[in-house]
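Nothing here was measured: the structure is a model prediction, and the numbers come from that model.
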Amino acid sequence: MHAGRLSAVLLASLFACAPPPVPESEAEQSTEPSVRITWPPPETPVTGCEIVTVEVENLTMVEPPSSDIVTGEGHYHLYHPAGYERCFKPYCFVDFSSVESTTEPFLVAVLADSAHNELLDANGDRYEHRVPIEFVPGDCTVEGTSGEAE
C-alpha cells in the first residue's frame, strides 16, 4: 500500500510540475474586424449554386439596411460570378445558375457597415477574404432539391 501511495504522489507531482498553457493577454488579442470564407475550400468545383459559410470576428452581424451606422455592427457583401449578396448570417445562399461561364471564378467576402459602406482598416484597405473556385455552369441543386435552399 505504501509503495502505491508513493507512486501516486510521484505521478501527481510529475504532472503538476508541467506549466499550464499561457493564455493570450488582452493586448495580444486583435479587436480589428476580420472576415474569412470557410466553405467552399479554395479551388472547389461549384455548379449552379452554393451555400457559402463565412466567419466574421469583432463585428456584430445585423440585418441590412439601416439608416443608422453603429460602430461595431454591420454585415458582409459576398461577391461572386453572378453579382453579390448582402449577408448577415454565418452562411449565405448564392445562385449563379444563370451565369453561363466566367473568366474570374471567385468568391469574395467584404465587411460593410449597416448602411452598406465598406469597412476600411487603418491603411484604407477593405476587410476582405477572396477564395478562388472552379466555376462550372449548371442548374442549382442543393441537397437533392432544385431551386432555393431549404
Shortest non-hydrogen contact between V56 and Y76, atoms and distance:
CG2-CD2, 4.1 Å

Could you tell me which non-hydrogen atom of A82 sits nearest to which non-hydrogen atom of V99, and how far apart they are?
CB-CG2, 3.4 Å

Value rounded to 0.5 Å, distance of SG in C140 from CZ in F93:
3.5 Å

Quick check on the 6.0 Å ring-centre criterion: do F135 and F96 meet it?
yes

Hey, could you give me the CD1/CG distance between I51 and D95, rounded to the nearest 0.5 Å?
11.5 Å

Taking atom OH as the centre, does Y91 end up with more than 12 heavy-atom neighbours from other residues, nucleotides or ligands that are less than 6.0 angstrom away?
no

Might you point out which heavy atoms bring L107 and I37 nearest each other, and give the distance in Å?
O-CD1, 3.6 Å

For residues V131 and P42, report the shortest heavy-atom separation together with the two atoms involved.
CG1-CA, 3.6 Å

Take I69 and N117 through the test side-chain contact (heavy atoms from CB on, under 4.5 Å) and record every step on the way to the result.
CA-CA 9 Å; I69 297 175; N117 303 307; 3.6 Å; yes

Drop me the distance from D113's CG to E118's CD, to the nearest 0.5 angstrom.
10.0 Å

Atom pair OG1 (T71) and CG (L59), whose distance is rounded to the nearest 0.5 Å:
10.5 Å

So, taking the atom named CD in E57 and the one named OG1 in T31, what distance separates them when rounded to the nearest 0.5 Å?
11.5 Å

Flag if over 12 foreign heavy atoms under 6.0 Å of CZ, R86
no

Does the D125 side chain pair with the main chain of L120, one donor and one acceptor, at a distance under 3.5 Å?
no

Distance-only side-chain donor-acceptor flag, E63 / H75, under 3.5 Å
no

Greater than 12 external heavy atoms within 6.0 Å of D139's CG
no

With rounding to the nearest 0.5 Å, note down the distance linking NE2 in H129 to OG in S34.
10.0 Å

Which heavy atom of L78 sits nearest to which heavy atom of C87, and what is that distance?
CB-SG, 4.3 Å

To check you understand the geometry: which heavy-atom pair defines the closest contact between A112 and L119, and what is its length?
C-CG, 3.8 Å

Backbone of W39 reached by a side-chain donor or acceptor of T53 within 3.5 Å:
yes

Would you mind reporting whether P90 and V54 have side-chain heavy atoms less than 4.5 Å apart?
no

Worked verdict on H77 versus E85 for side chain to side chain donor-acceptor pair (under 3.5 Å):
CA-CA 6 Å; H77 295 168; E85 312 296 324; over 6 Å; no

Modelled atom types, side-chain donor and acceptor of Y127 and E32, under 3.5 Å:
yes

Surrounding CD of E43 (heavy atoms of other residues, nucleotides or ligands, distance under 6.0 Å), is the total greater than 12?
yes

